[in-house]
Q: 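Here's a structure for you.
Numbers restart at 1 for each chain; the letters A, B, ... are given by sequence-line order, proteins then strands.
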Amino acid sequence: MARNITPRQENYSQWYLDVIKAAGLADYAPVRGCMVIRPTGYAIWENIQAKFDSAFKKTGHVNAYFPVLIPNSFFQKEAEHVEGFAPELAMVTHAGGEKLEEPYAVRPTSETVIGYMYSKWIQSWRDLPVLINQWCNVMRWEKRPRLFLRTSEFLWQEGHTAHETAEEAREETLKMLGVYRDVIENELAVPVIAGEKTAGERFPGAVDTYTCEAMMSDSKALQAGTSHFLGQNFAKAFDIQYQNREGELAYCWTTSWGVSTRLIGALIMTHSDDDGLIIPPRIAPVKAVILPISKDESIAANKILPIAKELAAKLDDSLGGMYTKIDTDFHARPADRFFTHLQKGVPLRLELGEKDLAAGTVRLVRRDTGEKIDVKSENVIDTVKKLLDDIQANLFTRAKNFREDNTYDAANYDELKEIINNKGGFVRAYFGGSIEDEKRIKEETGGATPRVILPGDNRGKCFITGQDNARLTIFAKAY
RNA sequence: CGGGGCGUAGCGCAGUCUGGUUAGCGCACCUGCUUUGGGAGCAGGGGGUCGGAAGUUCGAAUCUUCUCGCCCCGACCA
């Protein structure tokens with residue numbers, strides 16, 4: 001058992017922070033609410049980025065960059081948008097030693113600047129669609145920051161597209177929701193429910209918001225990615241007009257969608273255990289670590305290390321990248337070295353000791369199950385590949401089973417309250433209420449909110465209003 | 001921003017109420033020896049303007065005021 005990590009059962013929040021610290025993912029910055037993403041954490045982000053970026057490119061999107069400073073007046077142009085973001089704006093009021101005539105907001109999201117630019121770029125239906133993505137940092141002044149989950153500055157990706165028709169924009173919104181679900185489930189091994197948000201959970205300025213909603217290992221919900229159909233709200237606010245096929249002036253239909261470094265938080269809280277971090281193989285910066293082991297340091301360094309290097313080279317070759325690391329910390333005792341990699345979440349540990357050499361085997365130890373497997377040297381490469389796939393699949397299945405085991409149905413409001421308060425987790429119930437109803441439910445249940453409307457046409461009688469045709473919705477306490 | 005807790009070595013803490021030699025302890029770190037396949041033992045050693053600022057005092061980790069930060073619980077949120 002790890003001795004520097006608080007067990008989850010004792011204090012989940014502390015466990016989360018301990019895991020991050022033990023794995024060296026991030027550290028607190030001198031500015032409140034800001035964090036430093038350390039090399040190990042950043043390497044994970046780079047891998048996540050790479051998966052999404054190639055998925056965006058495959059769906060026809062291109063990358064661009066828009067400025068971090070946005071004129072404050074831009075936020076005034078969309079009524080709901082300004083209301084939603086005003087409390088979290090950081091404002092630059094001085095520059096070059098002088099007070100600015102108009103303050104600049106540090107971007108909390110870029111719909112406004114991008115809308116402004118799109119209005120200049122888009123003239124004709126022939127200019128559409130515009131499919132642009134940007135990778136950048138954003139700032140939202142947070143009252144209660146938490147590493148990765150809610151920091152004042154965070155890294156993300158924001159896609160902004162403009163289309164000729166509402167149908168096309170809706171299609172884009174759902175397409176990107178699907179891309180998010182695929183990458184989050186297949187690469188991060190985090191199962192999500194991809195569906196629509198209720199009115200109260202909508203992005204400020206959006207017509208419809210869709211989410212990928214995940215369940216963390218304390219059975220609370222985490223929004224892991226959102227995709228918005230913005231209708232013509234921003235087009236009208238920023239005058240994004242084009243001449244249509246009939247020669248008339250028309251407003252564009254726009255979308256926006258984003259995922260952030262919060263996904264690293266999702267990763268931690270989905271897979272990790274009381275021993276520390278667990279990273280799914282497909283996004284792990286180090287997929288396998290090789291430990292030459294000997295009581296005699298010089299044997300480890302001179303005899304075993306060369307064999308380890310040869311093995312590492314073959315593994316990297318077979319895995320298609322520099323994914324193998326050799327632990328040369330020979331002076332440390334084996335148990336200490338095991339824990340180091342355990343806490344960093346390396347999916348697979350390869351122990352190469354004198355006993356193994358004598359037997360012509362390598363000992364493989366899985367991070368997800370702790371299972372130890374002795375494999376003939378000639379089979380190591382194949383076995384590693386297979387085990388990495390197994391680990392990836394197992395992490396996903398394990399998380400999905402956990403979610404299903406912690407999902408309940410409520411036939412009425414009393415049941416919903418009872419489940420939320422006594423069991424936690426996701427509660428399915430038919431809901432057709434208003435934003436006011438959502439607020440009331442949140443107050444009366446001690447924090448449960450509608451997280452996502454289940455995909456598919458599940459209709460029934462609303463547990464609040466009693467109306468028929470209400471949609472089946474997940475309620476939960478959320479991060 | 002409201003309620004509660006807390007800032008003393010990298011981490012975890014004692015000392016603060018009742019001011020007074022040189023500010024301690026455990027882990028971690030460094031050196032040596034013995035150990036070594038799921039967090040070793042002994043010995044020696046390095047490391048602190050006590051979160052910061054101002055004040056009271058002959059004297060402040062300790063008292064006063066202000067301030068910054070962290071954690072937990074609420075309201076707000078990717």
Q: In whole Å, measure the gap between the C1' atoms of B/rC11 and B/rG55 for me.
A: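 It comes out at 33 Å once rounded to the nearest Å.
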
Q: Taking salt bridge (charged side-chain N to carboxylate O under 4.0 Å, His left out) as the definition, give me every residue that meets it alongside A/K197, ordered by chain and number, with sequence neighbours left out.
A: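 A/K197 satisfies salt bridge (charged side-chain N to carboxylate O under 4.0 Å, His left out) with A/E213 once adjacent residues are dropped.
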
Q: For atom C1', what is the distance between B/rC33 and B/rC17, given to the nearest Å?
A: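 Each nucleotide's C1' atom is 47 Å from the other's.
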
Q: Could you tell me the Watson-Crick or G-U partner of B/rA61, where both distances fall under 3.5 Å? Say none if there is no partner.
A: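 Base partner found: none.
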
Q: Between the protein and nucleotides 28-36 of chain B, list every N/O to N/O distance that falls short of 3.5 Å.
A:
from   : atom 1 : to     : atom 2 : distance (Å)
B/rU36 : O4     : A/K295 : O      : 2.6

Q: Between B/rG46 and B/rA28, how many Å separate the two C1' atoms, rounded to a whole number?
A: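 Per the computed distance, 13 Å lies between those C1' atoms.
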
Q: For a quick test of your reading: what N or O donor-acceptor pairs under 3.5 Å do the side chains of residues 132-143 of chain A make, sequence neighbours left out?
A:
from   : atom 1 : to     : atom 2 : distance (Å)
A/N133 : OD1    : A/Q157 : NE2    : 3.1
A/N133 : ND2    : A/N63  : OD1    : 2.9
A/Q134 : OE1    : A/F66  : N      : 2.6
A/Q134 : NE2    : A/S110 : OG     : 3.3
A/Q134 : NE2    : A/E158 : OE2    : 3.1
A/W135 : NE1    : A/D53  : OD1    : 2.8
A/N137 : OD1    : A/R107 : NH2    : 2.8
A/N137 : ND2    : A/E153 : OE2    : 2.8
A/R140 : NE     : A/P108 : O      : 2.7
A/R140 : NH2    : A/P108 : O      : 2.8

Q: Reading nucleotides 71-78 of chain B 5' to 3', which nucleotides get B (base under 4.0 Å from a protein heavy atom), which S (sugar-phosphate only), which -?
A: SSBBBBBB

Q: Excluding sequence neighbours, so at least two apart, what forms salt bridge (charged side-chain N to carboxylate O under 4.0 Å, His left out) with A/R398?
A: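 Salt bridge (charged side-chain N to carboxylate O under 4.0 Å, His left out) list for A/R398, sorted by chain: empty.
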
Q: Quick one: does A/I268's side chain get under 4.5 Å of A/L25's, heavy atoms only?
A: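 Result yes, sub-4.5 Å side-chain heavy-atom pair found.
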
Q: Counting Watson-Crick and G-U wobble pairs only, both distances under 3.5 Å, name the nucleotide matched with B/rG32, or none.
A: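 For B/rG32, the partner nucleotide comes out as B/rC42, under the 3.5 Å rule.
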
Q: For A/Q343 and B/rC11, give me the distance from atom CD to atom C1', rounded to whole Å.
A: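 Interatomic distance, CD of A/Q343 to C1' of B/rC11: 13 Å.
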
Q: Who pairs with A/R202 by salt bridge (charged side-chain N to carboxylate O under 4.0 Å, His left out), at least two apart in sequence or on another chain?
A: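 By the salt bridge (charged side-chain N to carboxylate O under 4.0 Å, His left out) rule, A/R202 matches no residue at all.
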
Q: Partner of B/rG2 by Watson-Crick or G-U wobble geometry, both contacts under 3.5 Å, or none?
A: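 B/rC73 is the nucleotide pairing with B/rG2.
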
Q: When the ring planes of A/F75 and A/H81 are compared, do they come out parallel, tilted or perpendicular, using 30° and 60° as the limits?
A: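 The rings of A/F75 and A/H81 lie parallel, inter-plane angle below 30°.
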
Q: Considering residues at least two apart in sequence or located in another chain, which fulfil the side-chain hydrogen bond (donor to acceptor under 3.5 Å, both in side chains) criterion with A/S294?
A: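 side-chain hydrogen bond (donor to acceptor under 3.5 Å, both in side chains) list for A/S294, sorted by chain: A/E354.
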
Q: Using a 4.0 Å heavy-atom cut-off across all strands, classify A/L342 as base, sugar-phosphate, or nothing.
A: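 Base: the residue A/L342, judged by heavy atoms under 4.0 Å, touches a nucleobase.
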
Q: Sort out the partner of B/rG47 for me: Watson-Crick or G-U wobble, both distances under 3.5 Å, none otherwise.
A: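 Looking at the geometry, B/rG47 pairs with no nucleotide.
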
Q: Quantified in whole Å, what is the P atom distance between nucleotide B/rG39 and nucleotide B/rC76?
A: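 Result for the P pair: 47 Å, nearest Å.
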
Q: Would you confirm whether A/H271, through its side chain, and A/L188, through its main-chain N or O, come within 3.5 Å as a donor-acceptor pair?
A: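 It does hold such a pair.
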
Q: If you restrict it to nitrogen or oxygen atoms, what contacts under 3.5 Å exist between nucleotides 3-9 of chain B and the protein, and what is each distance?
A:
none

Q: Could you state the CG-C1' distance from A/D18 to B/rC70, rounded to the nearest angstrom?
A: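 It is 14 Å, rounded to the nearest whole Å.
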
Q: Considering only atom C1', compute the distance from B/rA43 to B/rG7 and round it to an integer number of Å.
A: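 The answer is 35 Å between these two C1' atoms.
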
Q: How far does the C1' atom of B/rG20 sit from the matching atom of B/rG15, given to the nearest Å?
A: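 Per the computed distance, 14 Å lies between those C1' atoms.
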
Q: Within residues 351-376 of chain A, which residues have any heavy atom lying less than 4.0 Å from an atom of RNA chain B?
A: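 Per residue number, the list reads A/E351, A/G353, A/E354, A/K355, A/D356, A/R363, A/V365, A/K372.
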
Q: Can you list every salt bridge (charged side-chain N to carboxylate O under 4.0 Å, His left out) pair that touches residues 218-228 of chain A, not counting sequence neighbours?
A: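 Every candidate salt bridge (charged side-chain N to carboxylate O under 4.0 Å, His left out) pair involving residues 218-228 of chain A fails, so no pair, neighbours aside, qualifies.
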
Q: Please report, rounded to the nearest Å, how far the C1' atom of B/rG10 is from the CG atom of A/D27.
A: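 The distance from CG of A/D27 to C1' of B/rG10 comes to 11 Å, rounded to the nearest Å.
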
Q: Look at the side chain of A/N379 and the backbone N and O of A/V375, then say whether any donor-acceptor pair between them is shorter than 3.5 Å.
A: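 Not confirmed, A/N379 side chain does not pair with A/V375 backbone.
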
Q: What residues, two or more places apart in sequence or in another chain, satisfy salt bridge (charged side-chain N to carboxylate O under 4.0 Å, His left out) together with A/R471?
A: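 For A/R471, the residues satisfying salt bridge (charged side-chain N to carboxylate O under 4.0 Å, His left out) (neighbours in sequence not counted) are A/E196.
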
Q: Mind calculating the distance between CG (A/D329) and P (B/rG39) to the nearest angstrom?
A: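 One finds 17 Å between P of B/rG39 and CG of A/D329, rounded.
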
Q: Scan every strand shown for a Watson-Crick or G-U wobble partner of B/rG7, both distances under 3.5 Å, and answer none if you come up empty.
A: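 Pair assignment: B/rG7 / B/rC68.
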
Q: Below 30° counts as parallel, above 60° as perpendicular, anything between as tilted: where do the rings of A/F229 and A/W253 land?
A: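 Parallel.
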
Q: So, A/R337 and A/D327, do they make that salt bridge, N to O below 4.0 Å?
A: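 So A/R337 pairs with A/D327 through a salt bridge.
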
Q: Taking the same atom, C1', in B/rU64 and in B/rG12, what whole-Å distance lies between them?
A: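 Taking atom C1' in both B/rU64 and B/rG12, they lie 30 Å apart.
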
Q: Can you check the distance between B/rG19 and B/rC63, where both ends of the measurement are the P atom (answer in whole Å)?
A: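 9 Å, rounded to whole Å.
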
Q: Pairing check on B/rG37: which nucleotide meets the Watson-Crick or G-U wobble criteria with it, both distances under 3.5 Å?
A: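 Partner of B/rG37: none.
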
Q: Report yes or no: is the ring centroid of A/F339 under 5.5 Å from the six-membered base ring centroid of B/rG39, with the two planes under 30 degrees?
A: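 Yes; by the centre-distance and plane-angle rule, A/F339 counts as stacking on B/rG39.
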
Q: If you look only at distance, which donor and acceptor atoms sit under 3.5 Å apart when one is on a side chain in residues 440-449 of chain A and the other is two or more places apart or in another chain?
A:
from   : atom 1 : to     : atom 2 : distance (Å)
A/R440 : NE     : A/E444 : OE2    : 3.3
A/E444 : OE1    : A/Y413 : OH     : 2.7
A/T445 : OG1    : A/I441 : O      : 2.6
A/T445 : OG1    : A/A448 : N      : 3.0
A/T449 : OG1    : A/R451 : NH1    : 2.9

Q: Of A/F56, A/F52, A/W156, which meets ring-ring contact (aromatic ring centres under 6.0 Å, His included) against A/W257?
A: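 With A/W257 as partner, ring-ring contact (aromatic ring centres under 6.0 Å, His included) holds for just one option, A/F56.
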
